[in-house]
Amino acid sequence: MEKISHPFVAKTRLAGVLDRNLRKLEDRLGVSLSIRGHDLIIKGDPKRVAFARFYFDKMGELEEKGFRLREEDFHIALDLLEGNQSDSLENYFPPETLNFSRKTVTPKSLNQQAYLQAIKNYDLVFGIGPAGTGKTYLAMAMALSYLQDKLVQRIILTRPAVEAGEKLGFLPGDMYQKINPYLRPLYDALFDLVHADQANRLIEKGIIEIAPLAYMRGRTLNSAFIILDEAQNTTREQMKMLLTRSGFDSKVVVTADITQIDLPQPEKSGVLQAIKILSSIKEIAFIYFTEKDVVRHPLVQKIILAYQQAETKNNKE
């Protein structure tokens, strides 16, 4: 057991941010952390303490150079250092920032930053990972940013209307009312970023179109930002159809959680086939998220990890 005192708190404006982060950082660093006066006390295994000291040295350097670090930046920096990418720290900060009428959006993990960069640099991007990692939300934010900057003329948001144990025919209302619940998450992301009256005007004018995937057949979508959400529930034919709708000056972002496929034959998911046959095309980007990228309640990370471990164990048996 080793105990050292680190002057990080004395020379940083972020004592409050660090204090809120202590318990999370303790788990990740494998040490005990406490703040006493102007010092950070680090206790634990000597190797763990040495790495923690190195980590806080780097965070202090960033602070001294004028970077205004947020709570999530502590964890992004730790991701980089754990991957032996200390030289990449200053290349990451400051992170991508997207400004909207209701809020400012910034990536909260290294993979989220890579996702935003991939969307900027590639015309077709796949975001693959568990729920809560920001796949749909960040894609929506980038789509709105492109619309604001007049880089596209419209946004197309689409999902497959797959019955996950429920039958559409037994739902009340007409066809629009039946499919609307499937599209609700896309509306939620949109209305969280911009004011309702602004969003409704864009929808009424057809600048933002939210529709089930079946409505995309036969169309060519020029100067559009297209988001295919819940793509793990597309058939192979649907996936091919959507990917071939893209026209000139368009971007396509495909989001999928391949651990939650609701198709009768999961192995025939369109996104699984797309990953297999398109991954060698250098003009297409694939970003894979993990439980570390979950930005919901911290318990969600542990739930996802527990399911992954259980599935791995079952596969071995």
Side-chain angles (χ1 to χ4, degrees), residues 115 124-137 139-140 156-173 175-189 209-219 221 226-246 252-281 284-291 293-294 296 300 303-317:
Y115 187 49
L124 174 56
V125 176
F126 285 78
I128 312 294
T133 50
K135 304 183 300 295
T136 302
Y137 193 83
M140 177 72 77
I156 309 292
L157 310 171
T158 186
R159 283 180 133 204
V162 173
E163 300 171 0
E166 306 88 358
K167 296 296 183 182
L168 279 172
F170 291 103
L171 294 174
M175 181 52 67
Y176 176 78
Q177 292 169 321
K178 290 177 190 290
I179 64 175
N180 194 50
Y182 289 93
L183 305 175
R184 192 73 250 169
L186 296 173
Y187 284 103
D188 290 343
E209 179 182 349
I210 305 176
L213 181 57
Y215 287 23
M216 298 296 108
R217 192 171 299 279
R219 302 174 63 181
L221 304 172
I226 306 154
I227 300 174
L228 170 58
D229 193 34
E230 296 288 333
Q232 73 273 9
N233 290 328
T234 60
T235 64
R236 294 173 179 179
E237 294 76 17
Q238 286 175 326
M239 176 61 73
K240 181 180 177 182
M241 179 270 291
L242 188 280
L243 295 181
T244 55
R245 296 308 92 201
S246 180
V252 179
V253 178
V254 177
T255 72
D257 178 358
I258 57 177
T259 67
Q260 298 191 44
I261 300 175
D262 297 320
L263 295 172
Q265 295 178 288
E267 69 279 2
K268 293 188 177 181
S269 166
V271 79
L272 294 180
Q273 184 190 46
I275 293 171
K276 183 177 180 180
I277 67 177
L278 301 178
S279 58
S280 62
I281 300 177
I284 301 175
F286 290 84
I287 304 297
Y288 291 90
F289 297 91
T290 71
E291 74 281 352
D293 302 302
V294 172
R296 295 178 182 172
V300 175
I303 291 171
I304 291 170
L305 188 57
Y307 270 99
Q308 288 175 345
Q309 291 171 344
E311 288 165 4
T312 301
K313 182 179 179 181
N314 289 337
N315 290 337
K316 288 181 179 179
E317 293 175 353

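Position 1 is the first residue of the sequence; numbering continues from there. Please read all numbers here as calculations on a predicted model, not as lab measurements.
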Item to check | Audit row: Met241, Arg245, side-chain contact (heavy atoms from CB on, under 4.5 Å) steps and yes/no | outcome: CA-CA 7 Å; Met241 179 270 291; Arg245 296 308 92 201; 4.1 Å; yes

Item to check | Interatomic spacing from CD in Glu209 to CG in Leu186 - rounded to 0.5 Å | outcome: 12.0 Å

Item to check | Non-hydrogen atoms of Leu243 and Phe126 that approach each other most closely | outcome: CD1-CZ, 4.2 Å

Checklist entry - Looking at Asp188, Val253, Asp229, Leu157, which one forms a side-chain contact (heavy atoms from CB on, under 4.5 Å) with Thr136? => result Asp229

Checklist entry - Mind checking whether Val271 and Ile261 have side chains closer than 4.5 Å, heavy atoms only? => result no

Checklist entry - Any idea which heavy atoms bring Ile226 and Ser246 closest together, and the distance? => result CD1-CA, 4.4 Å

Checklist entry - Any sub-3.5 Å donor-acceptor pair from Asn233's side-chain atoms to Asp262's backbone N or O? => result yes

Checklist entry - Backbone N or O of Ala211 within a donor-acceptor pair of the Thr158 side chain at under 3.5 Å? => result yes

Checklist entry - Which heavy-atom pair separates Leu263 from Ser269 by the least distance, and what is that distance? => result CD1-CA, 3.6 Å

Checklist entry - How many angstroms lie between atom CD1 of Ile156 and atom CG of Leu221, to the nearest 0.5 angstrom? => result 5.5 Å

Checklist entry - In Å, rounded to the nearest 0.5 Å, how long is the span from CG of Leu213 to CD of Glu230? => result 12.0 Å

Next on the checklist: So which atom in Arg236 and which in Lys268 form the shortest heavy-atom distance, rounded to 0.1 Å?
Outcome noted: CG-O, 3.4 Å

Item to check | Minimum heavy-atom distance Ala189-Tyr137, with the two atoms named | outcome: CB-CD1, 4.1 Å

Checklist entry - Would you say the side-chain atoms of Thr255 pair up with the backbone N or O of Gly127, donor to acceptor, closer than 3.5 Å? => result no

Item to check | side-chain contact (heavy atoms from CB on, under 4.5 Å) assessment of Thr234 paired with Leu242 | outcome: CA-CA 10 Å; Thr234 60; Leu242 188 280; over 6 Å; no

Item to check | Sub-4.5 Å side-chain heavy-atom contact between Tyr288 and Ile258 | outcome: no

Checklist entry - Does Ala256 offer a backbone N or O that forms a donor-acceptor pair with the side chain of Gln232 under 3.5 Å? => result no

Checklist entry - Is the closest side-chain heavy-atom distance between Val254 and Met239 below 4.5 Å? => result yes

Next on the checklist: I'd like to know if the side chain of Gln238 reaches the main chain of Gly270, judged simply by a donor and an acceptor atom lying under 3.5 Å from each other, with no hydrogens or angles considered.
Outcome noted: no

Checklist outcome for this item: On a heavy-atom basis, the closest approach of Pro130 and Phe289 is CD-O, 3.6 Å

Checklist entry - Just wondering, more than 12 heavy atoms not from Arg219 lying within 6.0 Å of its CZ? => result yes

